[in-house]
Amino acid sequence: QLQLVESGGGLVQPGGSLRLSCAVSRFTLDYYSIGWFRQAPGKEREGVSCISSSGSWTNYADSVKGRFTISRDNAKNTVYLQMNSLKPEDTAIYYCAAKRSYCSAYPPAYDYWGQGTQVTVSS
């Protein structure tokens with residue numbers, strides 16, 4: 001089974017930046033699309049961004065377009081989420097997840113999940 005471990009979360013002021021990492025182990029990342037999701041207290045888990053297995057296709061939630069950038073380094077078995085111009089409404093636990101084939105914004109479509117990393121945007 002794939003294991004995914006997120007890192008890079010923390011407390012940041014509005015307008016600041018963070019880079020989240022999703023390190024994948026036990027299997028090669030080459031055949032998996034990776035999605036980033038987030039869940040705020042009292043809210044459902046929502047899709048933030050996804051990158052295809054080849055890295056040639058990405059998508060973003062409207063709420064983060066132009067501020068977040070997803071990328072992957074298959075040689076390092078790691079996917080990144082660069083988050084700029086952070087807002088208080090970005091506060092949530094961020095999860096990465098893996099699935100075969102195409103990206104999806106639907107959490108149940110993913111087979112493997114990390115444990116999450118907390119992102120808090122506050123002054």
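As the structure is a computational prediction, the values presented were derived from the model and not from experiment.
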Engineer: So which residues get pulled into Trp113's cluster when ILVMFWY side chains under 4.5 Å apart are joined, directly or through others?
Structural biologist: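 Once heavy-atom contacts under 4.5 Å are chained together, Trp113 belongs with Phe37, Ile93, Tyr95, Tyr110.
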
Engineer: Are Trp36 and Leu20 side-chain neighbours, meaning at least one heavy-atom pair lies under 4.5 Å?
Structural biologist: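 Answer yes - side chains close enough.
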
Engineer: Listed by chain and number, what are the side chain to side chain contact (heavy atoms under 4.5 Å, CB included) partners of Tyr31, not counting sequence neighbours?
Structural biologist: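 By the side chain to side chain contact (heavy atoms under 4.5 Å, CB included) rule, Tyr31 matches Thr28, Arg100.
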
Engineer: Please determine which of Val119, Val121, Leu11 meets the side chain to side chain contact (heavy atoms under 4.5 Å, CB included) test together with Thr91.
Structural biologist: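 By the side chain to side chain contact (heavy atoms under 4.5 Å, CB included) criterion, Thr91 pairs with just one of Val119, Val121, Leu11: Val121.
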
Engineer: What I'd like to find out is whether the side chain of Tyr94 reaches to under 4.5 Å of the side chain of Val48, using heavy atoms alone.
Structural biologist: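 Yes, at least one pair of side-chain atoms sits under 4.5 Å.
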
Engineer: Rounded at 0.5 Å granularity, tell me how far CD1 in Ile51 sits from OG1 in Thr58.
Structural biologist: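 Rounded to the nearest 0.5 Å, the CD1-OG1 separation comes out at 6.5 Å.
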
Engineer: Can you list the residues that meet the side chain to side chain contact (heavy atoms under 4.5 Å, CB included) rule with Ser123, with sequence neighbours excluded?
Structural biologist: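 Here the qualifying residues are Pro14.
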
Engineer: Could you pull out the closest heavy-atom pair between Ser33 and Ser53, with the gap in Å?
Structural biologist: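 Closest pair (atom of Ser33, atom of Ser53, distance): OG-N, 3.5 Å.
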
Engineer: Applying disulfide (SG to SG under 2.5 Å) as the test, list every pair that has at least one member in residues 5-94; sequence neighbours left out.
Structural biologist: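 Every pair satisfying disulfide (SG to SG under 2.5 Å) with a residue in residues 5-94: Cys22-Cys96, Cys50-Cys103.
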
Engineer: What closest approach, in Å, do Ser56 and Ser52 show between heavy atoms, and which atom pair accounts for it?
Structural biologist: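 Smallest heavy-atom distance, with atoms named: N-OG, 3.3 Å.
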
Engineer: Whether the side chain of Arg72 engages the backbone of Asn77 through a donor-acceptor N/O pair (distance < 3.5 Å, no angle test) should be reported.
Structural biologist: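 Checking the backbone N and O of Asn77 against the side chain of Arg72, no donor-acceptor pair under 3.5 Å is found.
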
Engineer: Once you round to the nearest 0.5 Å, how far does NZ of Lys65 lie from OG of Ser49?
Structural biologist: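 Interatomic distance, Lys65 NZ to Ser49 OG, rounded to 0.5 Å: 10.5 Å.
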
Engineer: Determine the interplanar angle of the Tyr112 and Tyr32 rings, folded into 0 to 90°, and report it as parallel if under 30°, tilted if 30 to 60°, perpendicular if over 60°.
Structural biologist: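 Judged by the thresholds at 30° and 60°, the geometry between Tyr112 and Tyr32 is perpendicular.
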
Engineer: Under the 3.5 angstrom rule, does the side chain of Ser104 hit a backbone N or O of Ala109 as a donor-acceptor pair?
Structural biologist: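 Here the side-chain-to-backbone pair does not exist.
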
Engineer: According to side chain to side chain donor-acceptor pair (under 3.5 Å), who are the partners of Asp111, at least two apart in sequence or on a separate chain?
Structural biologist: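 Checked Asp111 against side chain to side chain donor-acceptor pair (under 3.5 Å); zero matches.
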
Engineer: For Ser25, what residues pass the side chain to side chain contact (heavy atoms under 4.5 Å, CB included) criterion, not counting sequence neighbours?
Structural biologist: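 By the side chain to side chain contact (heavy atoms under 4.5 Å, CB included) rule, Ser25 matches Gln3.
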
Engineer: Which residue pairs pass the salt bridge (charged side-chain N to carboxylate O under 4.0 Å, His left out) test when at least one of the two sits in residues 31-50, sequence neighbours left out?
Structural biologist: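 Checked against salt bridge (charged side-chain N to carboxylate O under 4.0 Å, His left out) - neighbours excluded - the pairs reaching residues 31-50 are Arg38-Glu46, Arg38-Asp90.
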
Engineer: Side chain to side chain donor-acceptor pair (under 3.5 Å) with Asn59: which residues, sequence neighbours excluded?
Structural biologist: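 In terms of side chain to side chain donor-acceptor pair (under 3.5 Å), with neighbours along the sequence ignored, Asn59 is linked to no residue.
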
Engineer: What side-chain donor-acceptor pairs closer than 3.5 Å can you find for residues 78-85, not counting sequence neighbours?
Structural biologist:
residue	atom	partner	partner atom	Å
Thr78	OG1	Lys76	O	2.8
Gln82	NE2	Asn84	OD1	2.9
Asn84	OD1	Ser17	OG	2.9

Engineer: List for me each residue that meets side chain to side chain donor-acceptor pair (under 3.5 Å) alongside Ser122, sequence neighbours excluded, and say none if there are none.
Structural biologist: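 Expected list: none.
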
Engineer: Please name all residues satisfying side chain to side chain donor-acceptor pair (under 3.5 Å) with Thr120, sequence neighbours left out, ordered by chain then number.
Structural biologist: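 Testing Thr120 for side chain to side chain donor-acceptor pair (under 3.5 Å), a comparison that skips the adjacent residues, returns Gln118.
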
